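What follows is a short report on a single structure.
Keep in mind the model is a prediction, meaning the values are calculated, not measured. Only heavy atoms go into these numbers, but all of them, side chains included; no hydrogens, no water, no symmetry mates.
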Amino acid sequence: MGDAYRIALLPGDGIGPEVAGAAVRVLDAVSRRRGFRLLFEEYLIGGAAIDAAGAPLPADTRSGCAGADAVLLGAVGGPRWDRGTGDQRPEAGLLALRKLLGTYANLRPVSVPAALASRSPLRADRVSGADLLIVRELTGGIYFGQPRREGTEEALDTMRYSAPEVQRIARVAGEWARRRRGRVTSVDKANVLASSRLWRSVVMELFETEFPDVQLAHLYVDNAAMQLVRRPTDFDVIVTGNLFGDILSDLAATLPGSLGLLPSASLGDGPGVFEPVHGSAPDIAGNDIANPIGMILSAAMMLEHLGQADAAADIRFGVHAALKTGRMTADLAADDMAIGTGQFTDAVIEHATQVAGTPDPA
């Protein structure tokens, strides 16, 4: 057999194990077809890790992820751990993982397949054809800034950015824009925040010197949120900081009609982390109704990052072909057409392995 890749599998909490299991099934099928191997090693993260090991990112998870070729992550968190504070929150494990691997660039592609345009909360004619990429800075800003202080009467978080941090994420956006339609919108709050004024000036200088062929525009974050709803098809690449990117990417993720649809990749100098944008949804865990698409498409992004572009294309074709049948999970389908997580995964595998290398159906 051909190449082999070590994959750290972190199923996490809630529906995480279900959707991660679906992605592994799809990955096994396309890797066999394309002649390479994926060696999965499973580790704990989030609430499950707190329960079993007393920490949201145990030492063996840290070492396993650091030594892998890529990390595939389900979801973390849930109400049962809401009373945790500081490093005892499940989300602290996710932040620690990003810091450990130096994954400073989060890529969130958002597109609306024709089969789903009518399911968007917006009018179909407004979202049909939307195809944008949000590039979010992931290891700086207010989520990591110091000083930080918790308290019952006063609390403090610090939004801090350095010019090199802004330069490297802006460079990622510029490189992706050249692969796409050549337009970048930088989002900040430069009319209020000093960190945003630095952000804007650094982005402008970098694009003038390194990406003169890319069209650059600027929006304040409040206006950007409004325009994502009013005219989503106008956007190509959006680049922004950690906090604003968190909010805007979740807003954009609703355009196709469900948070369960969209993937993400967090990249840096080491192994990338690939995960869906949805949460752990513990209220539906274990019922075979979770939408696995975001997780499966995250797996496709992982394969592309590992150099297996044909297998990634197979997966994307399988997802789009399965959607065209109208048989979808309950978050998307009419009641009489809803199928379970496992059945939808079966449909993806069937299409991905029978019709390989064909362009995605519209």
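Of the listed residues (Val135, Val184, Leu219, Leu228), just one forms a side chain to side chain contact (heavy atoms under 4.5 Å, CB included) with Ile238, and that residue is Leu228. Tested against Ser249 for a side chain to side chain contact (heavy atoms under 4.5 Å, CB included), the candidates Val277, Ile134, Thr240 yield a single pass: Ile134. Partner Ile293 forms a side chain to side chain contact (heavy atoms under 4.5 Å, CB included) with one of Leu323, Asp331, Thr345 and no other, that one being Leu323. Between Arg171 and the choices Val166, Val203, Leu206, the side chain to side chain contact (heavy atoms under 4.5 Å, CB included) rule is met once, by Leu206.
Between Leu267 and Thr103 there is no side-chain heavy-atom pair separated by less than 4.5 Å. At least one side-chain heavy atom of Arg136 sits under 4.5 Å from a side-chain heavy atom of Asp246.
In this structure, OG1 in Thr185 is found 8.0 Å from CD in Gln215, a value given to the nearest 0.5 Å. Atoms CG and CD1, from Asp13 and Ile50 in turn, are 8.0 Å apart once rounded to the nearest 0.5 Å. Atom CD of Gln167 sits about 14.0 Å away from atom OH of Tyr161, to the nearest 0.5 Å. Once rounded to the nearest 0.5 Å, the distance linking OG of Ser111 with CG of Asp131 reads 6.0 Å.
Using the six-membered ring where Trp is involved, Tyr5 and Phe36 have ring planes that are perpendicular, over 60° apart on the 30 and 60° scheme.
In this structure, Glu154 pairs ionically with Arg149, as a charged nitrogen and a carboxylate oxygen lie closer than 4.0 Å. Residues Arg178 and Asp213 are paired through a salt bridge, judged by an N-O separation under 4.0 Å between the basic side chain and the carboxylate. Between Arg108 and Asp250 there is a salt bridge, since a side-chain N of the basic residue sits under 4.0 Å from a carboxylate O of the acidic one. A salt bridge is defined here as a Lys NZ or Arg NE, NH1 or NH2 lying under 4.0 Å from an Asp or Glu carboxylate O, and Asp188 with Arg197 fails to meet this definition. Between Glu304 and Arg316 a salt bridge is recorded (basic side-chain N to carboxylate O distance below 4.0 Å).
Applying the 6.0 Å contact sphere to CD of Glu205 captures no more than 12 heavy atoms from other residues, nucleotides or ligands. Crowding of Met226 atom CE: a count of heavy atoms from other residues, nucleotides or ligands under 6.0 Å exceeding 12. By the 6.0 Å contact criterion, CZ on Arg230 is open, its count of non-hydrogen atoms from other residues, nucleotides or ligands being 12 or less. A 6.0 Å sphere centred on CZ of Arg179 holds more than 12 heavy atoms belonging to other residues, nucleotides or ligands.
Residues Ser266 and Asn106 have side chains that bring a donor and an acceptor to within less than 3.5 angstrom of each other.
Without hydrogens or angle criteria, Thr158 side chain to Arg160 main chain gives no donor-acceptor distance under 3.5 Å.
A cation-pi contact, defined as under 6.0 Å to the ring centre and within 45° of the axis, links Arg168 to Tyr104.
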